[in-house]
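Numbered from 1 within each chain, the chains take letters A, B, ... in sequence-line order. Because only heavy atoms are used, hydrogens play no part in the values below, and waters and symmetry mates are left out as well, while side chains stay in. All of these numbers come straight from a predicted model, not from anything done at the bench.
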Protein chains: 2
Amino acid sequence: MVPKIQPVERCDCEVIHEDTVKRVQEKMPLEENLYDLAELFKVFGDTTRIKILWALDEAEMCVCDIAVLLKMTQSAISHQLRLLKQADLVKSRREGKIVYYSLEDEHVRQIFDQGLIHISEEKE
Amino acid sequence: MVPKIQPVERCDCEVIHEDTVKRVQEKMPLEENLYDLAELFKVFGDTTRIKILWALDEAEMCVCDIAVLLKMTQSAISHQLRLLKQADLVKSRREGKIVYYSLEDEHVRQIFDQGLIHISEEKE
DNA sequence: TAAACATATGAATAATTGTTCATATGTTCA
DNA sequence: TGAACATATGAACAATTATTCATATGTTTA
C-alpha cells in the first residue's frame with residue numbers, strides 16, 4: 001500500500017471558498033476548548049446519567065435511592081456519579097454512612113432545559 | 001452461580017427516604033424522552049462534531065471545506081454530517097456538485113453557548 | 001471490636017462508535 | 001457520453017465506555 005503523504009484532501013471548491021475557509025480558520029477556538037466542550041456534552045450523552053441528573057434536579061438523593069429509583073445496581077450508579085462529579089455537574093455531602101448527591105449549579109439545569117426544548121420542537 | 005432474582009438492591013435508607021423516592025418516581029418523565037435527550041447530547045459529545053458545529057456557526061460551508069479546515073478526510077466529515085443532520089442540528093442545500101451545510105436553528109447555538117459558559121466557570 | 005450498612009473502585013466483558021478504505025451516487029462540462 | 005469532481009455510504013477495525021462482579025473503604029451500632 002502506498003503511504004499517504006497528505007491526509008488533507010484538497011479540492012477545487014476549497015479554492016473557490018478560500019476566503020471563507022481562511023476567515024473561519026483564524027477565528028477557530030483553541031483545540032483544547034472545543035475538546036473540553038465535547039467532553040462536557042459527552043457526560044450528558046448517556047441515558048443513565050441523564051436520569052440521574054434529572055432525579056437530582058428534583059431532590060437531593062443518596063446513592064441507593066437513585067439505584068432503587070432507576071432499577072439499577074448501586075455499583076453502576078456509583079460509577080456514573082463519579083463521572084458526573086468529575087465533570088462538576090454534581091456535588092456530594094456525607095451524613096454518616098449516607099452520601100447525598102445534588103446538582104452542582106444552575107448551568108446543569110439550563111443545559112438540560114435547552115436540550116428539552118430542542119427535543120420537543122423536533123417532534124412537531 | 002446463583003441466578004439474580006432482584007436486580008434492584010433495596011437498602012435501609014430507601015425506607016428512610018421512601019417519600020422522596022416515591023415523589024420523584026411519580027414525576028419521572030417517559031423513558032423515551034430521557035433517552036432522546038441523551039441521544040441529543042451524545043451528538044454534541046464528540047470533538048469532530050463540535051468543531052463542525054462551531055465552523056457552521058461561523059459560515060455555511062461545503063463538505064470539503066470543512067475537511068480542509070479540520071484537516072480530516074472528506075469521508076469522516078461526511079459521516080459526521082449525516083449524524084448531525086439526523087439529529088436536526090444541521091441542514092443542507094445542494095448547488096450543483098457542491099452540498100452546503102449550515103446550522104439548523106438557534107437552539108444549536110444556545111446549547112453550545114450554555115456549554116461554553118459552564119466550561120469557562122469550571123476553570124476559575 | 002465485630003457485624004451490618006452505604007459507598008467506592010479495579011478488572012473484565014460486551015456493546016457502541018469514530019475513522020479509514022473502497023466504492024457508489026450524483027453533478028458538471030468538454 | 002465519458003471524464004472529473006463532490007459527496008455519500010457500507011464494511012472493517014480500533015478505541016472507548018457502561019455495566020457487572022468481586023471486593024475494598026468508611027461509618028454506625030450493638
Exercise. Could you check how far CD of B:Q74 sits from C1' of C:dG18, rounded to whole Å?
Key: 15 Å
Exercise. Looking only at side-chain atoms of A:C64, point me to the closest of C:dT7, C:dT19, D:dT27.
Key: C:dT7
Exercise. For the side chain of A:V63, starting at C-beta, report the closest nucleotide among D:dA8, C:dG26, C:dA8.
Key: C:dA8
Practice problem: For A:K42, report the nucleic acid contact type (base, sugar-phosphate, nothing); a contact means any heavy atom under 4.0 Å. | Solution: sugar-phosphate
Practice problem: Please report, rounded to the nearest Å, how far the P atom of D:dG26 is from the OH atom of A:Y100. | Solution: 20 Å
Practice problem: Just call it for A:I66: base, sugar-phosphate, or nothing, with non-hydrogen atoms closer than 4.0 Å on any strand. | Solution: nothing
Quiz prompt | Near-parallel close stack of B:H79 and C:dT19 base (under 5.5 Å, under 30°) | solution = no
Quiz item: Atom NZ of A:K71 to atom P of D:dT19: distance rounded to whole Å?
Solution: 16 Å
Quiz item: Taking N and O atoms by type only, does the side chain of B:S75 place a donor or acceptor under 3.5 Å from a partner on the base of D:dT7?
Solution: no
Practice problem: Please work out if A:I16 contacts a base, only the sugar-phosphate, or nothing of the nucleic acid, heavy-atom cut-off 4.0 Å. | Solution: nothing
Self-check item: d(NZ, A:K85; P, C:dA8) in whole Å
Solution: 7 Å
Quiz item: For the residue pair A:F41 and B:F44, does the interplanar ring angle fall in the parallel (under 30°), tilted (30 to 60°) or perpendicular (over 60°) class?
Solution: tilted
Exercise. Using only heavy-atom distances, decide whether a donor-acceptor pair under 3.5 angstrom links the side-chain of B:T73 to the base of C:dC21.
Key: no
Quiz prompt | Length of the CG-P vector between B:L81 and C:dT19, whole Å | solution = 12 Å
Quiz item: Between B:W54 and A:L37, is there a shared hydrophobic cluster once you connect ILVMFWY residues whose side-chain heavy atoms come closer than 4.5 Å?
Solution: yes
Quiz item: Of all the nucleotides listed (D:dA18, C:dG18, C:dA8), which has the minimum atom distance to the side chain of B:R49?
Solution: C:dG18
Exercise. Assess the pair A:H17 and B:Y100: is the distance between their ring centroids shorter than 6.0 Å?
Key: yes
Quiz item: How many Å lie between CD on A:Q80 and P on C:dT9, as a whole number?
Solution: 13 Å
Quiz item: 5'-most contact on DNA chain D: A:R94 or A:D46, nearest heavy atom basis?
Solution: A:D46
Self-check item: Sole residue of A:V68, A:L69, A:L70 in side-chain contact (heavy atoms from CB on, under 4.5 Å) with A:M72
Solution: A:L70
Quiz item: Between A:R49 (side chain) and A:K42 (backbone), is there a donor-acceptor pair under 3.5 Å?
Solution: yes
Quiz prompt | Closest-nucleotide ordering on DNA chain D, the 5'-leading residue of A:E95 and A:E39 | solution = A:E39
Quiz item: With B:I52, which of B:L103, B:D57, B:D46, B:I66 fulfils side-chain contact (heavy atoms from CB on, under 4.5 Å)?
Solution: B:I66
Practice problem: Check whether any side-chain N or O of B:R82 sits under 4.0 Å from OP1 or OP2 of D:dT9, and answer yes or no. | Solution: yes
Self-check item: Gap between atoms OH and P, on A:Y101 and C:dA6 respectively (whole Å)
Solution: 15 Å
Quiz item: Side-chain N or O of B:S78 less than 4.0 angstrom from OP1 or OP2 on D:dA6?
Solution: no
Self-check item: Whole-Å distance separating the CD1 atom of B:I77 from the P atom of C:dG18
Solution: 13 Å
